[in-house]
Amino acid sequence: TAPELLRNFCIIAHIDHGKSTLADRMLQLTGVVDARAMRAQYLDRMDIERERGITIKSQAVRMPWAVAGPDGATQPYALNMIDTPGHVDFTYEVSRSLAACEGAVLLVDAAQGIEAQTLANLYLAMENDLAIIPVLNKIDLPAAQPEKYAEEIAGLVGGDPADVMRVSGKTGEGVEALLDRIVDVVPAPTGDASAPARAMIFDSVYDTYRGVVTYVRVVDGHLSPRERIAMMSTRATHELLEIGVISPEPIPTSGLGVGEVGYLITGVKDVRQSKVGDTVTNAGKPATESLGGYQDPKPMVFSGLYPIDGSDYPVLRDALDRLKLNDAALLYEPETSVALGFGFRVGFLGLLHLEIVRERLEREFDLDLISTAPNVVYDVTMEDRSVITVTNPSEFPGGKIKEVREPVVKATILAPSEFIGAIMELCQTRRGDLQGMDYLSADRVEMRYTLPLAEIVFDFFDQLKSRTRGYASLDYEPSGEQVADLVKVDILLQGEQVDAFSAIVHKDKAYAYGVMMAGKLKDLIPRQQFEVPIQAAIGSRVIARETIRAIRKDVLAKCYGGDISRKRKLLEKQKEGKKRMKTIGRVDVPQEAFIAALSSE
Ligand code: GTP
């Protein structure tokens with residue numbers, strides 16, 4: 001298709017504001033999917049995505065849409081809809097998807113108004129110079145307040161509130177007009193058709209049958225089947241086995257030219273060879289300059305993952321290898337813990353990423369896992385100037401430390417103004433720094449904070465939701481590091497350090513952490529034949545202590561003599577119970593105690 005007849009756009013929306021429903025409706029109206037074949041949320045492929053209703057992996061679909069030209073003759077346009085993930089953990093993927101478009105539909109629930117994530121993505125779209133089409137969705141809802149929110153949106157993107165489109169993805173009202181508006185407002189792509197090819201990778205997914213499927217947006221030149229292509233970041237070359245468009249299933253074509261969006265297959269088996277943000281060019285006639293913006297995914301949050309049944313370790317290792325094929329951001333290395341045995345230290349983009357990976361491991365590979373409390377990465381500078389990168393609290397050095405640096409984020413919180421006080425209070429307890437505040441409308445406010453990432457990874461979002469009755473929304477982006485007064489708190493059972501419970505916390509919170517953990521363990525660990533002291537310590541200084549009193553564990557005493565088979569059964573049971581115990585020094589700790597102590601409640 002000639003560039004003049006192409007329109008590339010994405011939909012920016014907060015979770016649940018109806019992006020999938022609207023996308024489905026567009027597929028149906030353009031005839032790409034007929035009503036019978038329509039299953040809800042056609043674009044969300046993974047089961048977890050469908051169940052949780054979140055979009056993790058972007059996809060691109062091509063839709064034909066004919067519009068009458070000025071002379072009355074219909075012009076056959078092709079619209080490429082590029083799906084963007086909405087969550088903060090995947091900001092980098094969002095920014096690549098946006099870079100593949102010339103326009104963005106800003107979709108806002110007419111009963112909810114704009115939210116923090118939408119705002120962050122809107123700013124990204126504006127930085128990328130995309131044409132913005134503001135749209136209020138769900139106007140069929142009785143609770144919709146289109147007038148109010150149209151004003152809010154117009155205040156943000158400029159223009160007249162009356163120009164904010166009103167649609168319902170559910171009933172289809174206004175959706176055809178929206179497709180016409182896209183043709184009208186979104187600029188046609190431009191590029192140099194005779195230059196060496198440059199195509200940006202905005203997604204790459206692993207398919208069991210086909211290997212890696214790479215989604216690209218061609219900027220200059222042309223890519224043809226069977227030619228050799230090169231990845232500009234690594235100079236690796238591959239044969240292009242297949243190239244085409246998705247509409248809604250993959251359709252091979254004779255190539256992709258300027259402005260076109262589609263997929264390519266080279267037979268590689270690992271998404272790391274086809275990285276989001278990289279530039280694809282012709283191997284025979286390579287471009288000299290890449291499109292730029294490529295960035296290696298950087299894990300921000302680490303956690304230990306251990307199989308509950310130690311014999312599952314090889315299964316876990318294979319499962320991580322498999323997931324890695326589809327997730328370039330997933331990092332892991334083997335780790336052993338005194339308390340938990342053999343496992344892995346795994347790096348994630350954020351908490352949602354962690355949850356998704358863990359859930360996939362448990363569901364798709366049938367594993368039962370313990371994950372240790374998530375922590376961020378610290379840079380520790382010693383007195384002798386050496387720098388140690390700590391991804392596991394138990395590695396925190398004991399010697400002479402000069403300073404510890406921790407990652408910080410810029411956070412944006414949107415909420416009704418009545419909750420300003422509650423939000424400030426929460427952010428204060430989390431070492432937050434208020435940077436600014438703006439009113440979006442008379443009763444809604446945008447607050448900007450810098451916060452240590454470590455304070456956000458631990459139940460911040462849940463706290464924010466509960467203090468604002470669910471009305472606040474949050475978005476954050478990495479914003480460098482800061483020096484902080486941090487210490488490592490160790491937990492000792494009968495003088496023996498339990499590595500899984502060590503934590504790096506701010507000095508002012510060390511005492512509270514020690515008391516909380518010691519108290520929790522006292523309730524969770526059963527009495528033993530001897531007294532067991534539980535201590536929390538910073539280095540050699542004990543800051544909290546609890547004691548589990550001794551008990552004579554005599555299960556047979558309960559049986560009042562007599563029934564011998566009952567006694568045997570009890571002994572068997574006790575033996576089985578032992579198997580699920582971990583022994584720390586002389587202390588038997590049930591597996592459940594570890595799980596319960598490490599869970600965030
Ligand atoms: P994520 O994929 O999680 O980002 O969600 P989404 O934005 O794609 O939202 P989705 O399309 O899944 O819709 C969320 C909910 O809103 C669903 O229960 C839909 O049925 C409902 N919904 C979507 N569009 C409309 C609409 O126009 N009117 C009404 N009444 N409900 C809608």
Side-chain angles (χ1 to χ4, degrees), residues 303-304 306 308 310 335-343 345 370-375 378 390 392-401 404 454 458-459 485-558 573-601:
S303 164
Y306 292 84
I308 286 183
E335 169 179 271
T336 48
S337 151
V338 178
L340 303 173
F342 290 99
R345 178 118 298 241
I370 301 182
S371 55
T372 62
N375 61 270
Y378 300 94
V390 176
N392 183 341
S394 68
E395 290 165 357
F396 197 79
K400 290 210 172 80
I401 292 172
V404 184
F458 196 73
D459 86 340
D485 212 346
L486 300 167
V487 292
K488 179 174 72 147
V489 179
D490 291 319
I491 303 294
L492 297 89
L493 274 188
Q494 247 206 349
E496 195 92 20
Q497 185 186 322
V498 189
D499 51 6
F501 295 137
S502 295
I504 296 169
V505 291
H506 192 264
K507 215 171 111 212
D508 297 346
K509 293 180 178 175
Y511 176 72
Y513 177 80
V515 170
M516 184 270 294
M517 215 48 174
K520 228 175 178 182
L521 288 175
K522 184 189 176 198
D523 294 339
L524 290 167
I525 298 174
R527 290 181 178 188
Q528 318 268 319
Q529 314 274 20
F530 42 85
E531 196 177 276
V532 179
I534 305 171
Q535 295 162 306
I538 301 174
S540 54
R541 188 162 55 91
V542 173
I543 55 170
R545 181 190 163 114
E546 294 277 358
T547 306
I548 304 173
R549 278 184 296 123
I551 192 183
R552 260 190 66 80
K553 195 159 62 176
D554 187 356
V555 287
L556 301 186
K558 278 191 222 145
K573 237 184 168 169
Q574 199 186 32
K575 225 161 77 198
E576 231 172 75
K578 271 257 161 56
K579 269 194 262 163
R580 272 182 276 115
M581 296 275 184
K582 299 270 178 181
T583 312
I584 308 286
R586 289 200 299 145
V587 186
D588 290 331
V589 182
Q591 189 81 266
E592 295 83 70
F594 281 115
I595 301 171
L598 289 170
S599 76
S600 48
E601 287 89 54

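Values below: every heavy atom of this structure, side chains too, minus hydrogens, waters and symmetry copies. Numbering starts at 1 and runs along the sequence shown.
One finds the CZ atom of Arg345 at 7.0 Å from the CD atom of Glu395 (value rounded to the nearest 0.5 Å). Annotation: the span from Thr336 atom OG1 to Asp499 atom CG amounts to 8.0 Å, rounded to 0.5 Å. Interatomic distance, CD1 of Ile491 versus NZ of Lys520, reported as 10.5 Å (0.5 Å rounding). Once rounded to the nearest 0.5 Å, the distance linking NZ of Lys488 with OH of Tyr378 reads 12.5 Å. Atom OG of Ser502 is separated from atom OH of Tyr513 by 7.5 Å, given to the nearest 0.5 angstrom.
Between the side chain of Thr372 and the backbone N or O of Ser303 there is no donor-acceptor pair closer than 3.5 Å. Remark: side-chain polar atoms of Gln497 are not paired, donor with acceptor, to backbone N or O of Gly495 under 3.5 angstrom.
Screening Ile401, Val489, Asp490 against Phe396 for a side-chain contact (heavy atoms from CB on, under 4.5 Å) leaves a single residue, Ile401.
Counting only heavy atoms from C-beta outward, the side chains of Asn375 and Ile504 never approach each other to under 4.5 Å.
When all heavy atoms of Thr547 and Lys522 are compared, the closest pair comes out as O-CE, 3.3 Å.
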Anything under 3.5 Å between a donor and an acceptor, one on a side chain of residues 530-545, the other on a protein residue two or more places apart or in another chain? List them.
none

